[in-house]
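Just follow the structure's listing: the first ligand is 1, and inside any ligand the first atom is 1. Positions are given from 1, in the same order as the sequence printed here.
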Amino acid sequence: MHGTTTERLITPARGIGGSLRLPGDKSISHRYALLGAFAHGTTKLTNYSTGADCANSLGCAAALGATVTRGEGRAVEITGTGGAFAQPSGHLDCGNSGSTIRMLSGLLAAQTGIFTLIGDASLSRRPMERIRKPLSQMGAGITLTEGHAPLTIQGAPLTAIDYTTPVPSAQVKTAVLFAGLQAPGTTTVREALRTRDHGELALRAFGATVDRTADSVSIAGGQQLQAIEAAVPGDISSAAFFLCAAALFPGSNLIFDGLGLNPTRATLLDVLTALGAHIGVLDLEDKASELIGTVQVNGPLNGMTGTTISGALAAQLIDELPVLAAIAPYTQHGIRIRDAKELRIKESDRIALVAQNLRAMGAEVEEFEDGLDVPGGQKLHGAEIDSGDDHRIAMAFSIAALRAEGETVIHGAESASVSFPEFYDLLDKIAER
Ligand SMILES: O=C(O)C1=C[C@@H](OP(=O)(O)O)[C@@H](O)[C@H](O)C1
Ligand SMILES: C=C(OP(=O)(O)O)C(=O)O
């Protein structure tokens, strides 16, 4: 096992039911925090993500001179620096958060000063060349440590670029747009597969003009950002665990209010529908260009069928693939995942850990460089799960455990708090035992 500290015992459930309103989306919270720190005026957010990752973005914002106040519940106020960050007194600690280190680098690329960004052991293994390359092409001085964090940024006057991302990554796209905001001329980012568009929408919410085509996003440099007031939509990637749990039990009934339903993030709803779950979406509203609504899911009466996830779907579902793979043995025909080699360089090697943990539960699974084949019609038993201190692995196997025979122990269970500290409490609430 990895350097695990807490264990959680998950017992099988008889069904899933209830009604939930989840904390704010992690991707949107990061962007609002970072742009709030950069903008003029005081940004007032409600339903900010409760995860440790988004707290790291706020910590960096404060270290860079923004005033950050956490209010009641999930409220956060950020008084921005008006486009000029202060030199921090120490390193900027991004913890476990790839989003923080990569997107913040885009903002820092044009700032006066030298900034060192560090992270935990997992983040320090993840590739940073993907941001060094475009940001140094724009003129920033960036040094990495053998391709990884710690990374040091010497801000410089930037030039606009036209950049095609070599791998689908919303973090890289957003980092280049954040730098482009500070570069005279027009910066364009092109992507072969469309990734989540929260960066573009957040820039617009803060008052910037952002132009889009089907496969590109452009921003003109020199635009000033103005503070916003916004409620962060509930996190659909957190809801994914419970949506999948509901899909496991015929007749389950689970409702989410205030859930983020941005089309670049809601693909799981289509996949679960294709697998046989009944999903209804109600009360759709547009909040700062982000869609929010009520989602009701009922488990399929005859169980889930099976599917293949590849290409654009794999990119859109990147954070949901571990839980989809973990429930795949319970489908009739299995789930095949391809074009997802990015999973190997997340908080852990998610392909390897999913395969290892499915096998520990008695499942047959075939591992590929860019995915997995998980046959359907399998019965799992409880097991010792190695989360690799990766939040999405800990949560994915807590869901698989609900239909296993016997008890499952999740090692490194506390890693869930990276994105979803309430996960185990809410799981207890909705699992009928
Ligand atoms: O832009 C974002 O908010 C994110 C993009 C994805 O990462 P990549 O950009 O590395 O694909 C995703 O896995 C991560 O959880 C959040
Ligand atoms: C990969 C993830 O996040 P990040 O890249 O921000 O660490 C995730 O939340 O699954």
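Both cation-pi conditions hold for R403 and F249: the charged atom is under 6.0 angstrom from the six-membered ring centre and inside a 45 degree cone around its axis.
Of the protein's non-hydrogen atoms, K26 NZ, 3.0 Å is the one closest to atom 3 (O) of ligand 2. Scanning all protein heavy atoms for the shortest distance to atom 1 (C) of ligand 2 gives E347 OE1, 3.0 Å. Looking only at heavy atoms of the protein, atom 1 (O) of ligand 1 is closest to R31 NH2, 2.6 Å. The protein heavy atom nearest to atom 6 (O) of ligand 2 is S99 OG, 2.6 Å. For atom 10 (O) of ligand 2, the closest non-hydrogen atom of the protein is R392 NE, 2.6 Å. For atom 9 (O) of ligand 1, the nearest protein heavy atom (residue, atom name, distance) is S169 OG, 2.7 Å.
Contacts with ligand 2 closer than 4.0 Å are made by backbone heavy atoms (N, CA, C, O) of N96 only, the side chain lying farther away. Of all the heavy atoms of R350, the ones lying under 4.0 Å from any atom of ligand 2 belong exclusively to the side chain. Contacts between H30 and ligand 1, counted as non-hydrogen atom pairs separated by less than 4.0 Å, are absent for every part of the residue. Under 4.0 Å from ligand 1, heavy atoms of A170 appear from its side chain as well as its backbone.
Using a 4.0 Å cutoff on heavy atoms, M103 does not count as a contact of ligand 1. Residue K26 places a heavy atom under 4.0 Å from ligand 1. Remark: distances from the non-hydrogen atoms of H391 to ligand 2 include one below 4.0 Å. In this structure, S99 has a heavy atom closer than 4.0 Å to ligand 1. Not a single heavy atom of K173 sits less than 4.0 Å from an atom of ligand 1. Proximity of D319 to ligand 1 is established by a heavy-atom distance of less than 4.0 Å.
Below 30°, between 30° and 60°, or above 60°: for F38 and F85 the angle between ring planes is above 60°, a perpendicular geometry.
Residue L243 holds its CG atom at 10.5 Å from OG of S238, rounded to the nearest 0.5 Å. Atoms CG and CG, on L358 and L372 in that order, are 7.5 Å from each other to the nearest 0.5 Å. Note that CZ of R204 and CD1 of I219 are 10.0 Å apart. Values are rounded to the nearest 0.5 Å. Summarising the geometry, atom CZ belonging to F397 is positioned 4.5 Å from atom CG belonging to N357; distances are rounded to the nearest 0.5 Å.
When R130, R265, K346 are ranked by how near their heavy atoms come to atom 6 (C) of ligand 1, first place goes to K346.
For ligand 1, the polar-atom distance check against S27 finds a nitrogen or oxygen pair separated by under 3.5 Å. Between E342 and ligand 1, a contact under 3.5 Å exists for no N or O pair.
Distances below 4.0 Å separate heavy atoms of G98 from the following atoms of ligand 2: 4 (P), 5 (O), 6 (O), 7 (O). Distances below 4.0 Å separate heavy atoms of R126 from the following atoms of ligand 2: 1 (C), 4 (P), 5 (O), 7 (O).
When ring centroids are compared, F241 and F420 stay outside the 6.0 Å threshold.
Under the ring pair (Phe, Tyr, Trp, His ring centres under 6.0 Å) criterion, no residue pair touches residues 169-218, with sequence neighbours excluded.
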